[in-house]
Amino acid sequence: MRRILVVDDSATMRKMVMASLRDVKNVAFSEAGNGLEAIEQLEIAPFDLMILDLNMPDMHGLEVLRFVLNHPQYRETPIVILTTKGDDESRTEAIAAGAACYLTKPFHPKSLSGEIVNLLSEPCSSNVH
């Protein structure tokens, strides 16, 4: 069973993301409401993929992204950015920091699930959208 961590300060958004991925086979979800909670979750058990918001209290998503990908144990974890920030600067900064994919809200459930399936089947994918 593959493990996905959904990190967003909105519980409603986390539920929407997980509902959008209900057709992805052999996946278990965990949730984190902020960046610090996400890092705590990683310390408990590794994940096969992370879906990460940028705008969160306590720790910005880019900080989480950089922390995770600079940590030897987690550097191969694909991280999908799912955010309201659609500007080129945010996208470029996240991709340069190592995000596997950059999607904006509102999102299309089929687009998200397609990206997740691709990333789980090819962990080192470099899909940029």
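In what follows, residues are counted from 1 in the order of the sequence shown.
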- Query: Short question: side chain of S113, backbone of K110 - any donor-acceptor pair under 3.5 Å?
  - Reply: yes
- Note on the structure: Closest heavy-atom pair, N34 versus P57, reported as atoms and distance to 0.1 Å, is CB-O, 3.8 Å
- Validation row: V27, L120 side chains within 4.5 angstrom (heavy atoms): yes
- Decide yes or no for V7 and Q41: does some side-chain heavy atom of the first lie under 4.5 Å from some side-chain heavy atom of the second? no
- Message: Under the salt bridge (charged side-chain N to carboxylate O under 4.0 Å, His left out) definition, can you give me all pairs with a residue in residues 9-21, not counting sequence neighbours?
- Response: R14-E31, K15-E31
- Item | From OG1 (T104) to CG (L54), nearest 0.5 Å | 11.0 Å
- Distance in Å, T77 OG1 paired with R75 CZ, rounded so as to fall on 0.5 Å steps: 10.5 Å
- Which pair of non-hydrogen atoms, one from F107 and one from M13, has the smallest distance, and what is that distance? CE2-SD, 3.7 Å
- With rounding to the nearest 0.5 Å, note down the distance linking CD in E115 to CG in L112. 8.0 Å
- Task: Drop me the distance from S90's OG to N55's CG, to the nearest 0.5 angstrom.
- Result: 7.5 Å
- Query: For the residue pair L65 and A97, what are the closest heavy atoms and their distance?
  - Reply: CD2-CB, 3.5 Å
- Close side-chain approach of L103 and I51, heavy atoms under 4.5 Å: no
- Test log, rule side chain to side chain contact (heavy atoms under 4.5 Å, CB included), inputs V17 and D8: CA-CA 10 Å; V17 167; D8 197 299; over 6 Å; no
- Query: For the residue pair R3 and A45, what are the closest heavy atoms and their distance?
  - Reply: NH2-CB, 3.4 Å
- Query: Hey, does L42 have a side-chain heavy atom less than 4.5 Å from the side chain of M50?
  - Reply: yes
- Task: Please report the closest heavy-atom contact between L69 and A99, naming both atoms and the distance.
- Result: CD1-N, 4.3 Å
- Nearest-0.5 Å distance that lies between atom CD1 in I95 and atom CD1 in I81: 7.5 Å
- V64 vs I79, side chain to side chain contact (heavy atoms under 4.5 Å, CB included): CA-CA, chis, key distance, verdict: CA-CA 10 Å; V64 176; I79 298 178; over 6 Å; no
- Task: Write out all pairs satisfying salt bridge (charged side-chain N to carboxylate O under 4.0 Å, His left out) with one or both partners inside residues 46-74, taking only residues at least two apart or from two chains.
- Result: R2-D48, D53-K105, R66-E93
- Spacing of F67 atom CZ and Y74 atom OH [to the nearest 0.5 Å]: 7.0 Å
- Message: For the backbone of L62 and the side chain of H60, can you confirm whether one donor and one acceptor N or O come within less than 3.5 Å of each other?
- Response: yes
